[in-house]
Amino acid sequence: MSGADQYSVLFAPVKIGPVTARNRFYQVPHCNGLGHLRPQAEAAMRAMKAEGGWAVVSTQEAEIHPTSDLSPYSENRIWDDRDIPALRLITNAVKEKGSLAAIQLAHNGHHAQNHLSRAPLLAPSELALQTAYPKQARAMDKTDIREFRKWHRAAARRSREAGFNIVYVYAGHHMTLPHHFLLPQFNDRTDEYGGSLENRVRLTRELLEETREEVGDDCAIALRFAVDELLGTDGMQAQEEGRAVVELLAELPDLWDVNVADWSNDSATTRFEPRDGFQTSYIEFVKQVTSKPVVGVGRLTSPDLMVSLVKKGILDFIGAARPSIADPFLPNKIKEGRIEEIRECIGCNICVSSDALGVPIRCTQNPTMGEEWRRGWHPEIIENRGKEETALVVGSGPAGLECAMQLARRGYEVTLAEAKQELGGRVLQESGLAGLSAWKRVTDHRIYDLQQRGNVQMFTDSRLSASDVVELGIPNVFLATGAPWRRDGRGKSAFHGISISSGTQVFTPDDIMSGVLPGGGPILVYDDDQAYLGGVLADHLAQTGREIIFVTPASMVSPFTELTLEQTKVQRSLLEKGVRLVMSHTLASVAPGTANVQCVYTAREHAIECGSVVLVTQRMRETDLYDELRGLSESPLTKLDLIGDAANPGLIADAVYSGHMAARNFERDAGDIDREFFRREIVSLETV
Ligand code: ADP
Ligand code: SF4
């Protein structure tokens, strides 16, 4: 059976109220750090999804009023008519590619902070903000509720004017007023909007009815609803009140977009939720309760799983945020039977971290994500080569593999050399740690692609010296030689390194990742990196049954992972495994059997007994080959580029991006590259 036949059910048109989606692929709303500050970039990114075959393409949440101001984060905004032109950019771009455009209207209640607008904060009950900022939301009175409903109506009207085909009422993620009203953990009202479920659901019902009155003839109305909070009996559960809500509102929306709350559960990482389709058991009841089409998510990347979800009557639409970010062309690849070419999401949440930082979206797997407008990058199209014909890439980590793949796609004869016996560099190492196996998709995708090409030669077990490179006679060289971890303790907290007495058992992350298990006694993991690896290593080592002591200058484990929605889970996991946590301490010195740690506030020291120390501090760029080649008195090379971690140690996403950029820029005029660094959306000086 051809790909098209086997998966044809995924390409059947589906009616949603007054509109029809051309297939079952539905890009659900997702944040992207572009939003109202970068509307052209947002429109181009959404249009790419439509071009890639997603029949419905949604915005991220659109703030409907200044009392729902998410600044400094750049979401969409539909406060008044002045916001319509920017939103129309999105609808025009999406509809031009044959897809339906959806808008997720949102009032964020006490999840907003109103830092820009300084408007009063609103909530069903008296509620403190969910952040450390000392503000409170007031319990909405009846006038507030009437006003809110008017704002929502007006936003729905503007949505139609902006050209949207689907308008959302959003009751999910613990992030919006309708959701806050639904949940007893936020709502202790005693009037007709509190108490019984019928009362708590009243506001959502009113919004659905009023949105229909405003736009229902032309636009479909979608309800995004979290059926389960994953809090057990302490919260809403799919088989209890979650189901009851769907029963109460069953036929009111034209489409149910269902998931779990909060966002960290909905966008669970593979580290903590490795199963693709992990939300199925929560949402599978919905179609039994409503006749309306249902969309659901859960990192759906496998076409076979998609077909079975449709055929079993669980979903009408295959919803995706992250899989559509990692591969905007996922639907088209399935349609054309190019399954092996799908760039599967690895569930790392680097995309989420960009939103949390308020910067344009980035993706580990898809380096073109967020670059569609400002750099004109297309995930599937790259310029053909110029006059040069060959290229050598040294190092097969994420940077080397991406660079080699894109150079090969451009038509160069590519030679890839790797010192180790296996391709993959740091990805191969890191994906061997507990919880990170899905990360291997980064190298699997690229190695598979390179293997299909006739213009690529790959060599393992081939550590190249400068004379080897010269002998090869390839004039264009890209060095992706990586950055191993330091063994001297130099890092954020110790610019000059740590005092290490001779005889101390000191290991680096590279040692542990290559399979070394330190000998007897407790293992002290010192995490001055404070990103993710220290926590992963501690967890990994704890699973061998050894006693682990985790020391960090930070006040929590792996603070970086707050950005990927994982920090609570990371810390919980270590505590549950009995790892002893020593926060807010640097490592002052180590000697056989002892480590001296120092409080970051008082500088008081105390000793900790341990058998060995794993130093997760800083990385050392591997530049020997680069330096030697640069130092050649008569270099035969036309091009010598240092890329990836060897140039700037960072995330795997940064290494992929660097490799991609180097391949794109090859044979471009240096002046053009400099002049066109990237396009910017500069604030207009017009007063509106
Ligand atoms: P990046 O993240 O930048 O891609 P990695 O550390 O993942 O970097 O990968 C670097 C790879 O380069 C490693 O697999 C390493 O074995 C390889 N390497 C380093 N120096 C050489 C060399 N001289 N010749 C061939 N391969 C090398
Ligand atoms: Fe998936 Fe990671 Fe890309 Fe996000 S950044 S879409 S989680 S691969």
Side-chain angles (χ1 to χ4, degrees), residues 30-32 267-271 276 299 301 320-328 330 343-355 361-370 392-404 415-431 438-439 441-443 445-446 458-469 472 477-485 509-510 513-514 563-566 619-626 628-629 642-659 662:
H30 71 77
C31 301
N32 59 33
S267 286
T269 57
T270 42
R271 184 171 168 190
D276 290 352
R299 253 189 354 258
T301 53
R322 291 174 296 174
S324 77
I325 294 167
D327 199 338
L330 186 146
R343 240 182 348 264
E344 286 178 301
C345 167
I346 68 167
C348 61
N349 278 7
I350 293 304
C351 49
V352 174
S353 77
S354 350
D355 180 64
I361 187 167
R362 59 217 53 200
C363 167
T364 303
Q365 275 286 52
N366 175 10
T368 68
M369 179 47 49
L392 169 67
V393 179
V394 182
S396 70
L401 286 175
E402 173 69 14
C403 184
T415 305
L416 176 69
E418 166 56 50
K420 299 213 175 98
Q421 285 173 344
E422 219 179 315
L423 301 172
R426 64 180 286 191
V427 171
L428 184 66
Q429 288 185 304
E430 292 180 33
S431 62
W439 290 19
R441 292 170 174 182
V442 173
T443 47
H445 170 73
R446 289 164 176 84
M458 295 191 276
F459 300 94
T460 50
D461 238 338
S462 304
R463 177 171 292 281
L464 299 191
S465 64
S467 56
D468 294 332
V469 171
L472 277 171
V477 178
F478 297 83
L479 299 180
T481 44
W485 288 88
D510 295 306
M513 290 190 285
S514 60
L563 299 174
T564 55
L565 309 175
E566 295 174 296
R619 297 163 70 196
M620 184 126 67
R621 299 188 299 122
E622 176 60 70
T623 60
D624 289 354
L625 182 55
Y626 180 65
E628 273 181 62
L629 287 169
L642 186 67
I643 62 173
D645 285 297
N648 285 101
L651 294 167
I652 293 171
D654 299 318
V656 171
Y657 185 78
S658 162

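Heavy atoms only: backbone and side chains are in, while hydrogens, waters and symmetry mates are out. In each ligand, atom 1 is the first atom listed, and ligand 1 is the first ligand listed.
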Could you tell me which residues satisfy salt bridge (Lys or Arg N to Asp or Glu O under 4.0 Å) with Glu430, sequence neighbours excluded, listed by chain and number?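 Only Arg426 meet the salt bridge (Lys or Arg N to Asp or Glu O under 4.0 Å) criterion with Glu430.
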By salt bridge (Lys or Arg N to Asp or Glu O under 4.0 Å) - contacts of Arg619 (at least two apart):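 In terms of salt bridge (Lys or Arg N to Asp or Glu O under 4.0 Å), with neighbours along the sequence ignored, Arg619 is linked to Asp645.
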Quick check: does [X] get an N/O under 3.5 Å from an N/O on ligand 1?
{"X": "Arg619", "answer": "no"}
{"X": "Ile643", "answer": "no"}
{"X": "Ala399", "answer": "yes"}

Measure from the side-chain N and O atoms of [X] to the backbone N and O of [Y], and report whether any donor-acceptor pair falls under 3.5 Å.
{"X": "Arg441", "Y": "Cys345", "answer": "yes"}
{"X": "Glu418", "Y": "Gly424", "answer": "no"}
{"X": "Thr270", "Y": "Gly347", "answer": "yes"}
{"X": "Arg299", "Y": "Ala268", "answer": "yes"}
{"X": "Thr481", "Y": "Glu622", "answer": "yes"}
{"X": "Ser462", "Y": "Thr460", "answer": "yes"}

Closest heavy-atom pair and its distance - [X], [Y]:
{"X": "Ala321", "Y": "His30", "result": "CB-CB, 3.7 Å"}
{"X": "Leu330", "Y": "Pro323", "result": "CD1-O, 4.1 Å"}
{"X": "Ala653", "Y": "Ile350", "result": "CB-CG2, 4.0 Å"}
{"X": "Met369", "Y": "Pro328", "result": "CE-CG, 4.2 Å"}

Quick test of your reading of the structure: of Glu422, Glu628, Arg463, whose heavy atom lies closest to atom 21 (C) of ligand 1? Arg463
One residue to check: [X]. Relative to ligand 1, which of side chain, backbone, both or neither has a non-hydrogen atom less than 4.0 Å away?
{"X": "Ala480", "result": "backbone"}
{"X": "Val394", "result": "side chain"}
{"X": "Ala417", "result": "backbone"}
{"X": "Ser462", "result": "backbone"}
{"X": "Thr481", "result": "both"}

Please identify each residue that fulfils side chain to side chain contact (heavy atoms under 4.5 Å, CB included) with Val352, with sequence neighbours left out. Trp263, Asn349, Leu565
What atoms in ligand 1 come closer than 4.0 Å to a heavy atom of [X]?
{"X": "Lys420", "value": "16 (O)"}
{"X": "Arg426", "value": "2 (O), 5 (P), 7 (O)"}
{"X": "Ala655", "value": "2 (O)"}
{"X": "Gly425", "value": "7 (O), 9 (O), 14 (O)"}
{"X": "Pro398", "value": "1 (P), 2 (O), 4 (O), 7 (O)"}
{"X": "Gly482", "value": "5 (P), 6 (O), 8 (O), 10 (C)"}
{"X": "Glu418", "value": "11 (C), 12 (O), 13 (C), 14 (O), 15 (C), 16 (O), 17 (C), 25 (C), 26 (N)"}
{"X": "Leu625", "value": "23 (N)"}

Salt bridge flag under 4.0 Å for residues Asp510 and Lys420: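 Judged by the 4.0 Å cut-off on N to carboxylate O distance, Asp510 and Lys420 do not form a salt bridge.
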Find the distance between CD (Glu422) and CD (Gln429) and round it off to the nearest 0.5 Å. 11.0 Å
Distance in Å, Leu416 CG paired with Phe478 CZ, rounded so as to fall on 0.5 Å steps: 12.5 Å
List the closest protein heavy-atom neighbour of [atom]: residue, atom name, distance to the nearest 0.1 Å.
{"atom": "atom 26 (N) of ligand 1", "value": "Ala419 N, 3.0 Å"}
{"atom": "atom 23 (N) of ligand 1", "value": "Leu464 O, 3.0 Å"}
{"atom": "atom 1 (P) of ligand 1", "value": "Asp645 OD2, 3.4 Å"}

Gly347 heavy atoms, cut-off 4.0 Å: which ligand 2 atoms fall inside?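 Numbered from 1, ligand 2 contributes 1 (Fe), 7 (S).
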Tell me the protein N, O or S atoms under 2.8 Å from atom 3 (Fe) of ligand 2, in chain and number order.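 Hits for atom 3 (Fe) of ligand 2 below 2.8 Å: Cys363 SG.
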